[in-house]
Structures are given as structure tokens and as C-alpha cells.
Amino acid sequence: MTVRTRFAPSPTGYLHVGGVRTALFNWLFARRHGGQFILRIDDTDAARNRAEAVLPILEGFSWLGLTWDEGPTPDGSGDSFGPHKPYFQSQRQDKYLAAAMRLLQEGKAYPDYTSPEEQEHRRELAQRLRKPYVHRGSHRDNDPADNVRLYRERPAPLLLKVPEGRVVRFHDHVRGLVEVSTDTIRDPVLLRAPDDQGHCRAVYAFATVVDDIDFRITHVIRAEEHLTNTPVQILIYEALGATPPEFAHIPLVYYKGEKMSKRKLPPLTADEIARLKACGWTEEQLQGRDDLNIATVAYYRELGYLPAALINYLVRLGWSLDDTSEYIPLEVALQHFSLERVTKAPANFDEKKLYWLQGEYMKRVPPEEKVERGLPYLRRARLVDDPVSPAQRQRLLQIVEAAGERIKLFSDLVQFAAPLLKRDPDYDPTALDKALRPAAELLQGFRAILAQTHPFDAPTLENALRMFAPEKAPHKALVAATRVAVTGVTVGFGLYETLAILGKEEVLRRIDLALARVMAPSAVPPAA
RNA sequence: GGCCCUAUCGUCUAGUGGUCUAGGACGUAGCCCUCUCAAGGCUAAAACCGGGGUUCGAAUCCCCGUAGGGUCACCA
């Protein structure tokens, strides 16, 4: 039997990194065993059933390269592809209904007419007696035929009849043997009470089992929060006469010691907002993007992370290849992934480590690609024309090559290119004061040398500067002063490369500009 | 509260009774390299939750605590 796994997100409008990790484990497991990975949209809850909320999830998967063999079409139109379509639960209600009716006729399910007030009352009573409340509905022991008739006349929540006095056992691939007494399991709701249109829609726990049987899912790999759900589902499998799949419950992803929840998304810190702004976003634009968040895939995509780095980070979160490997490209993970090496304890999401891995992957990206993928950020920051001229592209390539490993994120291109692409440098007052002013005369002297330098390339320039200021201290001072003069700031990639890229004319112009600022400070009266 | 799960450096992890004076990585600190910043090199600080067993021997097995978490929906 070929392995078939699935990931079943509900359409929330964004892709959560915790969800991606779960999906990734499913994907890896299926691919490793030459099986299929299926995507299904769990939208049984009408309130969450928004077509436009599916697309960001599909786009996220496509961006990450996690391809699915069956499921929704990638365009988010609501269509599906694959032998068991449709793959939207909202489009499969007839199947749930049919399955539920079968259980009703067989006496394995029954309508429950217990009022919510009565249920609440019983719950309170049980609480007072310090006993767990295990709900059993009103018509549990009726004759099945009577129940069928009754249900037709007066629909109500349809409940599964949980067998009493039994122990449900299953072997979890991560947790080991799990055992639960059925006496602690309430009769679960299969079908809801009729809604305004009279439809009795399936509840997730039921729909998921019907679908997993239908789709021939062999391994259910999901987050640990579903662990206590599993015995109930096994009971549903049994009632439906199906063999339950294998289960593996992987630990949750935490953030700062708490579950990285879809509901309570941590707000962006000032630092994170600043990083987004550095990508060219404005405050107003960010207001409307509540999907940009340390917990969403969109956030990392926006900042200019590589999908491969995110994938590598996520696969290492709760799984290890061996005792030393950290850099684990997808192909390698694919060859070695096993559920046996999945950890049991929850894992904290560490942005710093993700950032480091990103750097490792970025080292292997060719300069041309860095330019290409940095372009959207440059456009947003209005640093390049659209479309980019060949000359501009050439200059960007020089910048990328000079910046080298300093470019960790594609969005970093903005910060390295901006000082060179802007008309005039934005002079940082502190830098001007500290680095330029004390070395102004030195710089003036060096300016004359620069005017004579031929050719205006990095090695020649370095030579020229070293000849002009051979002593260590003046050398350092001159480098700092020149850097501030031509870029406005104290940090950046190699000075000689910077000068060469700028070209002689522009360098001289900028030096004059800077010198004018510091040479005539007395002319500017202090602000009143 | 009931049921269930988990527990090694700040963080991610290796470790499946002796090779553990516990290994790797991120992060942190220091030094080196150096025109600043990155990158790189070297070094350092840093952990087996507590208590009982079992055993010649326990991070590893068992029990009890403790702490954290999940779940108890006509949410998924």
C-alpha cells in the first residue's frame, strides 16, 4: 500500500509557520516513501469558509515548493484536482450526511434531544461531585428504526454511540502506546443541529474521518493538540467499518515558552516594524497587513527570506538528522526523514537561528539572482526605474558583488544600494561630526590625489590611499572620512569598491558636498 | 478540576545502562584577521527539574513529586 499523507488547513487567510512544519513532515514522509501528499481544506465551519482566505495558503505552499498531488487547484478558484475530488469539506457535505445516515440506521448513531440547559445542568452537577462529565444523549438506547423515523421528523444533533467499558489503544509513531478508556469519552457530535436553511452540517472530527477514509490516507501526521481527539476518531473509524490509519502526533511549536497560536498572534515589535519599513513599506500599508507577523510565512517572504532556509529551519525544529547537522537541504532531509527522530517535547521558534540559516543559504545564491530578487524592494523604495535599465542592472550587480555575504535577506539590497543610488548621500550628523570633521583636511588632500587616479578601480584606489596615508592611524581616519563623505554613513562594504562603483566624477562631487557641510559650520547660525 | 502528553546549556538538539570530567549548532563574551560592517579563525561561560528506587554502574529503566503544555465545543 502506498503511503498517503495529508495536510488539512482551515482557511484563515494566512499560512502559519507551525502549520507549515506539520505540512512539511507530512510532505517529507510521503515523498520519502514514494507516496502522495494531499491538501484538503477544512472549512466545515461556515464562519471561516471564505474563498479568498484559501489563496494565501496555497500561495504560501507554492512559494515554499511544497507541492501537493491532490487537492485544491493552485489558483484558489475553489476547484480541485485528483481522483477523490472535491477536496474542500464544504463541498463534501453529502458524503458526511450519507455516512451519518448509515450509522443512524445501524444504531451506531442517534439524535440527541437533550437541551443545552439540561446539559449545562448536568455538567455543573458532575463538577460539584468532582466527577468528569461524560455526555450521553437522550435517545441513545432507542430502537434504531425509531430513531431514524424520529430524526427525519425532528432533526437534532446526531451523536455517535460510544461503546462503554472499553479501552481504545493505538500506537503513535512519536508518542508510543496510547490508551484511553471509553468511559471518559463523551458521545461526540457527528452532525450539527439544523441551521437556518435546515442543513445539518458535519463537525470537523467526523468530516475528517470520512475524508481520510475516502482519500485512503495511511498516515495521519498532525500537531499534538489532536492527540486526545484521536481515540474518538478511532471509534468513528470502527463505527464506519474502516481500519484506522497510523498516527503520529508531533510536538507543538512554541514562541517564548507559549504555543505559537493562530489566535493570539504576537504583535510586531518596533524592531520588526522597522525591518518591514526598510523593505519599503509605509506605516499605513502595514496597518492593513495583519498577516505580516513572526508566525506567518508571508512575513518571511516579505522580508526576503529564501524558502529553502525556512524549510531547513522548520525541519530541524523537532527533528534531527544526526548529532551535528544543521544545514540540511531539502534533498538531504528527503533521503533521511523518519518519524522516529521526531522529538516529543515542544520546540521554541528561534528567529535568530532562522536568520543564521538564511545566511548560510544566501551564500550559495549567485549575484544575478540576488539582484533579480532584490528588485521588488528597490522598486518599492523608488531606487530604480521600472523597468530597470541595463546600466542600472549592471551597477546593481557590482553592488551585490561588493556587498558579498553582507546581503543576508533580499531586502538588504536596499540598504546597501541606497547610499550609492540616491542623488546625494543622506548625511548622518553624528557620522559627519565624528568621522569627517576631524579628518577634513586629510580628505581634502586625498581628493586631489583621487582627481589624478587612473584607472579608477579598487586596486588602484587602494594603492593610492595607502601611498597618501601609509601610517595606520591616518589611514583609518581617512578611510572613515571618505566613506562618510561618499555614502553619508559609517558602515558599508569595502571603500575601494564603493569608490570604483560610484566613479571618479561622482566621488569628487560627493566629497565636495560633504566638505562644504563641515568646513563652513560657523556660517550656519544655531537654531533659535 | 478530570483525562492525556512532556521535561539535557538562554534556545534548537545529540545521547536508547558503562566510551559522558554530557557532544554539536544558534545566541552571548573575549581574542585574531581587518578600512567600518558582515564573513572567517580561535577561545570561553553555559544543561542532565527534584527525591526515592533497580543495578557493580543511570542523563538513559521504574515510582513519587514538581513544573510546563494539550484537551475536555453543534471551532478546526
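Hydrogens, waters and symmetry mates are skipped; everything else that's a heavy atom, side chains included, is used. Naming: A, B, ... by sequence-line order, numbering from 1 per chain.
In this structure, the CZ atom of A:Arg186 is 16 Å from the P atom of B:U71, given to the nearest Å. Protein atom CD of A:Glu124 is 17 Å distant from nucleotide atom C1' of B:G2, rounded to whole Å. In this structure, the CD atom of A:Glu225 is 15 Å from the P atom of B:A73, given to the nearest Å. For the pair A:Tyr254 OH and B:A7 P, the interatomic distance rounds to 12 Å; values are reported in whole Å. Look at CZ on A:Arg175: it is 12 Å from C1' on B:A7, rounded to the nearest Å. Between A:Phe247 atom CZ and B:C5 atom P there is a gap of 16 Å when expressed in whole angstrom units. Following rounding to the nearest Å, A:Gln358 (CD) and B:G27 (P) show an atom-to-atom distance of 13 Å. A:Gln233 has its CD atom 13 Å from the C1' atom of B:U71, to the nearest Å.
Separating the P atom of B:C48 from that of B:A73 is a span of 40 Å, rounded to the nearest Å. For the P atoms, the distance linking B:A38 with B:G30 amounts to 13 Å, nearest Å. Using atom P as the reference point in both B:A45 and B:A58, the two lie 27 Å apart (nearest Å). Straight-line distance between the P atoms of B:A47 and B:G10: roughly 7 Å, to the nearest whole Å. Taking the P atom of each, B:U13 and B:C74 are spaced 35 Å apart, rounded to whole Å. Taking the P atoms as reference points, B:A59 lies 11 Å from B:G18, given to the whole Å. Nucleotides B:G15 and B:A25 place their C1' atoms 15 Å apart, quoted to the nearest Å. To the nearest whole angstrom, the two P atoms, one in B:U60 and one in B:G1, are 28 Å apart.
Of the candidate nucleotides B:A76, B:A25, B:U6, B:A76 has the atom lying nearest to any side-chain atom of A:Tyr204.
In this structure, B:C56 forms a base pair with B:G18, meeting either the Watson-Crick or the G-U wobble geometry with both donor-acceptor distances under 3.5 Å. For B:G65, the paired nucleotide is B:C49, the pair qualifying as Watson-Crick or G-U wobble because both relevant distances are below 3.5 Å. For B:C26, the paired base is B:G10 (Watson-Crick or G-U wobble, both distances below 3.5 Å). Checking B:U36 for Watson-Crick or G-U wobble geometry (two distances, each under 3.5 Å) identifies no partner in any strand. Under the Watson-Crick or G-U wobble criterion, with both distances below 3.5 Å, B:C72 is paired with B:G1.
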- Contact pattern, 5' to 3', of nucleotides 30-39 of chain B - B, S or - by protein heavy atom under 4.0 Å: -----BBBSS

- Message: Treating primed atoms plus P, OP1 and OP2 as sugar-phosphate and everything else as base, which nucleotides of nucleotides 8-13 of chain B get B, S or - for protein heavy atoms under 4.0 Å?
- Response: ---SBS

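Pairing each heavy atom of A:Ser10 with each of A:Asp42, the nearest pair is CB-O, 3.2 Å.
Between A:Glu224 and A:Lys344 there is no salt bridge, since no side-chain N of the basic residue sits under 4.0 Å from a carboxylate O of the acidic one. Salt-bridge check for A:Asp433 with A:Arg437: passed, with a basic side-chain N closer than 4.0 Å to an acidic carboxylate O. One finds a salt bridge joining A:Asp211 and A:Arg92 here, because a Lys/Arg side-chain nitrogen approaches an Asp/Glu carboxylate oxygen to under 4.0 Å.
Two residues, A:Pro157 and A:Leu252, neighbour RNA chain B, and the one matched to the more 5' nucleotide by heavy-atom proximity is A:Leu252. Between A:Leu177 and A:Gly257, the residue anchored closer to the 5' end of RNA chain B is A:Leu177, taking for each the nucleotide with the nearest heavy atom.
The residue A:Thr228 sits close to a base: some heavy atom pair falls under 4.0 Å. A:Asp195 comes within contact range of no nucleotide atom at all, as no heavy-atom separation falls under 4.0 Å.
Identified under the ring pair (Phe, Tyr, Trp, His ring centres under 6.0 Å) test for residues 461-489 of chain A, with sequence neighbours left out: A:Phe446-A:Phe468.
Around atom CZ of A:Arg123, more than 12 heavy atoms belonging to other residues, nucleotides or ligands sit under 6.0 Å away.
Using cut-offs of 30° and 60° for the angle between ring planes, the A:His173 and A:His171 rings count as perpendicular. Using cut-offs of 30° and 60° for the angle between ring planes, the A:Phe349 and A:Tyr255 rings count as tilted.
A donor-acceptor contact closer than 3.5 angstrom is absent between the side chains of A:Asn463 and A:Thr460.
Taking CE of A:Met467 as the start and CD1 of A:Ile449 as the end, the distance is 8.5 Å to the nearest 0.5 Å.
Residue A:Arg123 has no polar side-chain atom (N or O) positioned under 4.0 Å from OP1 or OP2 of B:G2. Side-chain N/O atoms of A:Arg192 include one lying less than 4.0 angstrom from OP1 or OP2 on B:A76.
At least one donor-acceptor pair closer than 3.5 Å links the side chain of A:Arg406 to the backbone N or O of A:Ala403. Not one N or O on the side chain of A:Tyr300 forms a donor-acceptor pair closer than 3.5 Å with the backbone of A:Ala309.
Once the 5.5 Å centre distance and the 30° plane angle are applied, the aromatic ring of A:His226 is found stacked with the base of B:A76.
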